[in-house]
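Throughout, a chain's letter reflects where its sequence line sits, starting with A, and its residues are numbered from 1.
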Number of protein chains: 2
Amino acid sequence: MSYYSSHPKLLVAVDCIIFGFNENEHDLKLLLLKRNFQPELGKWSLMGGFVAPDENLDDAAKRIVAQLTGLNNVYMEQLYTFGDVNRDIVGRIISVAYFSLIKINDHDSELVKKHGASWIPLTQLPELIFDHKEMVDKALRKLRIRARTQPIGFELLPEKFTIPQIQRLYEAIYQVPFDKRNFRRKLLLMNLLEKQDDKEKETSRKGAYYYRFNQLKYNELVEKGFNFDL
Amino acid sequence: MSYYSSHPKLLVAVDCIIFGFNENEHDLKLLLLKRNFQPELGKWSLMGGFVAPDENLDDAAKRIVAQLTGLNNVYMEQLYTFGDVNRDIVGRIISVAYFSLIKINDHDSELVKKHGASWIPLTQLPELIFDHKEMVDKALRKLRIRARTQPIGFELLPEKFTIPQIQRLYEAIYQVPFDKRNFRRKLLLMNLLEKQDDKEKETSRKGAYYYRFNQLKYNELVEKGFNFDL
DNA sequence: TCAAAAGTGTTTAAAATACACCCATGT
DNA sequence: ACATGGGTGTATTTTAAACACTTTTGA
């Protein structure tokens, strides 16, 4: 380490933008904390924490999400690193932001309560501390791009889902309605989904067939690069 | 700072992936350094440097590029932050990677020589230290996406250029030929280019008209989000 | 006069969009 | 029997792709 040791070190944190949805709702939500400590006590913020010297960035992000939601296998994607000298009013902190999208009713709601966190609809965001609003905006833009570039699946969707569910998810992400015939056609045309024999019966009397992603075909398509414009 | 002071600090560096092109060439090149110090002496690496406590990340990236190329107004875009515990064999370093694309013959080639750097065609990359190959691959993927999302202009192109030049650039980025009639039509259909009265006469006897980007229309389109599929 | 790169339109194929009715079931 | 969400096909418009000859001019 001798060669590097003369250089100054900095605080490095991870902040997590956790989007949540329920298949039968129409809003995308964001997991926010009401700060119970100074500075900015009482204001809303993202969940974050400092990176330990022996901890990978991705692992730090996973640790923070697990602490807050009880979920251990959440797919997190790195968003951007925010490092302006004055972004935090107390001192300089480099913040590596991560985002993810989870099914709200999968997580442990007790943990969320214990941390003073809440699911806030994106349409009703309160004021956030520091540059957290900028982080959320950037995450939402990236989520939208990502949802067009590769169907949000495997990593971000439950393993079994119906087509109306995935359509509601996309409508929540883009905040626009899609034509259900066209949506279904495009989705199925990718040859990525496998119809199951059972149905989801909670949201309708008729019931909607479950589907699963075909992992092999997904990998093939990711290789080639594909687009999924709606 | 009291509240944060108990947390450990880390070394934070910036590494720069600098792509270069000349309008009349067909290859994209990468600016690489032959290391003249330990560790990994004699191997090739990207240009990097540590972030100072009072320096923004973007500014650190600009500083590093300016040192190496003499160029002061290079547009740099943040790529990704590489932070695995063992990515550097000597000690833990968080590296925020930036990339840019510059016109090779605009820069100060003396500075490049002085630093022991060279322009290496992407098709002939040598082995790089640490995770620098991964950085380059990721940068190239992002450059390709970016070139489809918004025409590489303003930030990454010279202010005055011909259509055959920009086509050669795109062909270098994607490593495929495009039909010149279709390319020209799509480019002009965006209503983003303004034809000048003068011609570039170095690459052909007939000469090709220069164009400029229209800043206003560009901003409008960036707002709405546009795609520029070739 | 010829070599070398610039410039120019049309036809064809593919993809996106708009649109309205029947189905299955629990209450 | 009716209310609720699930499921289906076609015609039209828009966009992308393929393709070959003429122009200019310096050497």
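Taking atom CZ of Phe183(A) as the reference point, atom P of dG6(D) lies 12 Å away to the nearest angstrom. In this structure, Lys180(A) atom NZ and dA20(C) atom C1' are separated by 10 Å, rounded to whole Å. Rounded to an integer number of Å, the gap from CD of Gln167(A) to P of dG6(D) is 9 Å. When rounded to the nearest whole Å, the span between CZ of Arg205(A) and P of dA1(D) equals 16 Å. With rounding to whole Å, Glu200(A) atom CD is found 10 Å from dG7(D) atom P. Between Met190(B) atom CE and dT15(D) atom P there is a gap of 13 Å when expressed in whole angstrom units. For Lys206(B) and dG7(C), the NZ to C1' distance is 4 Å, given to the nearest whole Å. Between the CD atom of Gln196(A) and the C1' atom of dG6(D) there is a distance of 17 Å, rounded to whole Å.
Using modelled atom types, one finds no donor on one side chain facing an acceptor on the other under 3.5 Å when comparing Glu171(A) with Gln175(A).
Both Lys199(B) and Lys195(A) lie close to DNA chain D; mapped to their nearest nucleotides by heavy-atom distance, the more 5′-ward contact belongs to Lys195(A). With the nearest nucleotide of DNA chain C identified for both Ser204(A) and Leu188(B), Leu188(B) has the one nearer the 5' end.
Contact check on Asp59(B) versus Arg63(B) returns no salt bridge, with no Lys/Arg side-chain nitrogen under 4.0 Å from an Asp/Glu carboxylate oxygen.
Under the 3.5 Å distance criterion, the side-chain polar atoms of Tyr80(B) are left unmatched by any main-chain donor or acceptor of Thr81(A). In this structure a side-chain-to-backbone donor-acceptor pair under 3.5 Å is missing from Asp27(B) to Lys29(B). Looking only at distances, no side-chain donor or acceptor of Asp58(B) sits under 3.5 Å from a matching main-chain atom of Met76(B).
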- 5' to 3', nucleotides 10-19 of chain C under a 4.0 Å protein heavy-atom cut-off (B base, S sugar-phosphate only, - none) gives B------BBB

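No N or O donor and acceptor, one from the side chain of Lys201(A) and one from the base of dG26(C), sit under 3.5 Å apart.
Aromatic rings of Phe161(B) and Phe213(B) (six-membered ring for Trp) have centroids within the 6.0 Å cut-off, being under it.
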Between side-chain atoms of residues 189-200 of chain A and protein atoms elsewhere (two or more places apart, or another chain), which donor-acceptor pairs fall under 3.5 Å?
| from | atom 1 | to | atom 2 | distance (Å) |
| --- | --- | --- | --- | --- |
| Glu194(A) | OE2 | Asn214(A) | ND2 | 3.0 |
| Asp198(A) | OD2 | Lys160(A) | NZ | 2.7 |
| Lys199(A) | NZ | Lys206(A) | O | 3.3 |
| Glu200(A) | OE1 | Thr203(A) | OG1 | 2.8 |
| Glu200(A) | OE2 | Glu202(A) | N | 3.1 |
| Glu200(A) | OE2 | Thr203(A) | N | 3.4 |

